[in-house]
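The structure appears right after this line, and notes come after that.
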Amino acid sequence: MITKEASPAAPAPARSTPEPPSRPARKKHRAWDEVPRWHIYLPLGIYLLFTLIPFYWILLFALRPAGSTSLVPWPMTTVHFEKVWTDRAFGTFFQNSVLVGVATLLTTTLVALAGGYALARFDFRVKRVFMLALLCSQFVPGALLLVPLFEIFAGLQMINSLGSVIIAETVFQLPLSMILISNFIKNVPYSLEEAAWVDGCGRMRAFRVVVLPLLRPGLIAVGSFAFVHSWNHFLFALMFLNNQEKQTIPVGLNTLMSADSVDLGALAAGGIIAAVPVVIVFAFIQKWLITGFSAGAVKG
């Protein structure tokens, strides 16, 4: 009698252990989450109020008619702007300030770029002494440089020339500009230049193709700082420029004030003319300006 062998029983399916319920992620605790909003907005609002009131006061004197005591510039008038632009030759002052500012921007940026690269990439014996001298030069006020610079420019027959103001502003801006540019170049990896050298680029071409595009925020920061300082600087233009056709806006604003009276409307209009270009420049470059100063202030 043939018996059938019992087929092996199929293995029981493994029981899957139930997964524990997922816990909601805890929100990271931040200290300022517990601070009421008015504790933040109230100080900011007070600060903004104290900042904007002087600007509104300037606009009020510039736009309202002479002799008016209204706190609202209505009806508006442009008489004060026409007076300072034509009668007080502010058009010429504006052109001279633009020329000095742009020339100072270019010369300061180019010289600081060359010096900053040397400080960042090369080692030499007097490097620390040179850096210390650059830092110490920031403690020297510009008024102390007036007499020696005047003697030098007089010997070179550059008095009453815009070139003297451009050179003086460039010399005054170079130490800080070189320090910022050198620190910014240190943040660029040196291996990028080495890779460019391996590919056949020389040092100048590697710097122009690889490093220079990465320095845009730093160059914008240094250039804008040099432009704004030369635009607002009063002492160098007052001492080195005697002819009215060569004067800049800060000196032109000083001519609106006399010992007997001050034309507040014309002075306010001149102040607005002097401030508008700087505001426009900072409105366009603020993103690169903040990045450039923050990167240049960190040692690589």
Evaluate the ring planes of F93 and F90, with Trp represented by its six-membered ring, and classify them as parallel (under 30°), tilted (30 to 60°) or perpendicular (over 60°).
perpendicular

Testing the basics here: between A112 and M178, what is the closest heavy-atom pair and its distance to 0.1 Å?
CA-CG, 3.8 Å

Just verifying a value: how many Å separate L99 CG and L162 CG, rounded to the nearest 0.5 Å?
5.5 Å

Among pairs that include at least one residue of residues 41-53, which meet side chain to side chain donor-acceptor pair (under 3.5 Å), considering only residues two or more places apart or in two chains?
none

Can you sort out the partners of R121 under salt bridge (charged side-chain N to carboxylate O under 4.0 Å, His left out), two or more places apart, ordered by chain and number?
E193

Closest non-hydrogen atom pair, A196 against V210:
CB-CG2, 3.9 Å

Can you confirm whether T92 sits close enough to Q247 that some side-chain heavy atom of one is under 4.5 Å from a side-chain heavy atom of the other?
no

Which atoms form the tightest heavy-atom contact between S97 and T248, and what is the distance?
OG-CB, 3.3 Å

Answer yes or no: is there a side-chain heavy-atom contact under 4.5 Å between L144 and P141?
yes

Can a cation-pi geometry be assigned to R64 and F61, taking NZ or CZ under 6.0 Å from the six-membered ring centre and within 45° of the ring axis?
yes

I'd like to know whether CD of Q244 has more than 12 heavy-atom contacts from other residues, nucleotides or ligands below 6.0 angstrom.
no

Taking atom CD1 of I159 and atom CE of M239, what is their separation to the nearest 0.5 Å?
8.0 Å

With no hydrogens and no angle check, is any side-chain donor or acceptor of T255 less than 3.5 Å from a backbone partner on G252?
yes

Are W197 and Y190 close enough that their ring centers fall under 6.0 Å?
yes

Taking C-beta and beyond as the side chain, do L63 and F81 meet within less than 4.5 Å on heavy atoms?
yes

Give the minimum heavy-atom separation between L149 and F240, together with the two atoms involved.
CB-CZ, 3.7 Å

Gap between atom CE of M131 and atom SG of C136 - 0.5 Å precision
11.5 Å

Reference residue I181; test side-chain contact (heavy atoms from CB on, under 4.5 Å); the match among I185, I179, N183:
I185

side-chain contact (heavy atoms from CB on, under 4.5 Å) assessment of L134 paired with L119
CA-CA 11 Å; L134 289 179; L119 292 175; 4.0 Å; yes

Mind telling me whether F94 and W85 have parallel, tilted or perpendicular rings, with 30° and 60° as the class edges?
tilted

Return the CD to CD1 distance between Q95 and I249, rounded to the nearest 0.5 Å.
10.5 Å

Test log, rule side-chain contact (heavy atoms from CB on, under 4.5 Å), inputs W231 and V98
CA-CA 8 Å; W231 182 273; V98 171; 3.7 Å; yes

Note: V84 and G270 closest approach over all heavy atoms is CG2-N, 4.3 Å

Starting at CG of L113, measure out to CG of L215 and round the result to the nearest 0.5 Å.
6.5 Å

With sequence neighbours excluded, give me every side chain to side chain donor-acceptor pair (under 3.5 Å) pair touching residues 159-174.
T107-T170, E169-H229, E169-H233, Q173-H229

Would you say L192 and V188 make side-chain contact, with heavy atoms under 4.5 Å?
yes

More than 12 foreign heavy atoms under 6.0 Å from CZ of F55: is that the case here?
no

Under 6.0 Å from the CZ atom of R205, do we count more than 12 heavy atoms belonging to anything else shown?
no

Take atom CZ of F50 as the centre, draw a 6.0 Å sphere, and report whether it contains more than 12 heavy atoms from other residues, nucleotides or ligands.
no

Would you give the length of the straight line joining atom CZ of F227 to atom CG of L106, rounded to the nearest 0.5 angstrom?
10.5 Å

Where G271 and L253 come nearest, the two heavy atoms and their spacing:
N-CD2, 3.7 Å

Note, P217 side chain near F184 side chain (heavy atom, < 4.5 Å):
yes

